[in-house]
Amino acid sequence: MDNWTFGLTMLIVAGGGTFATLVLLGFVVDLLKRIFPLATGKPADDR
């Protein structure tokens, strides 16, 4: 395997791994939003 082939292979694998990680993080954030929704209503005044 020459340097160009190795470089392109690493580029594709690293890009795919990064994309897969971002998708996984997106699913985790969405799941956390469903588990812990934002409270709607009037904010409490603690003064």
Show the atom names and distances, to 0.1 Å, of all donor-acceptor pairs under 3.5 Å that link a side chain in residues 6-14 to residues at least two apart or in another chain.
| unit_1 | atom_1 | unit_2 | atom_2 | d |
| --- | --- | --- | --- | --- |
| Thr9 | OG1 | Thr5 | O | 2.7 |

Going by salt bridge (Lys or Arg N to Asp or Glu O under 4.0 Å), name the pairs with one or both residues in [range], residues two or more places apart or in two chains.
| range | result |
| --- | --- |
| residues 13-27 | none |
| residues 9-22 | none |
| residues 4-27 | none |

Across all chains, not counting sequence neighbours, the salt bridge (charged side-chain N to carboxylate O under 4.0 Å, His left out) partners of Asp30 are Arg34
Quick one: do Leu31 and Val28 end up in the same hydrophobic cluster if we chain Ile, Leu, Val, Met, Phe, Trp and Tyr together by side-chain heavy atoms under 4.5 Å apart?
yes
Under the side chain to side chain contact (heavy atoms under 4.5 Å, CB included) rule, collect the residues that match up with Thr18, sequence neighbours excluded.
Leu22
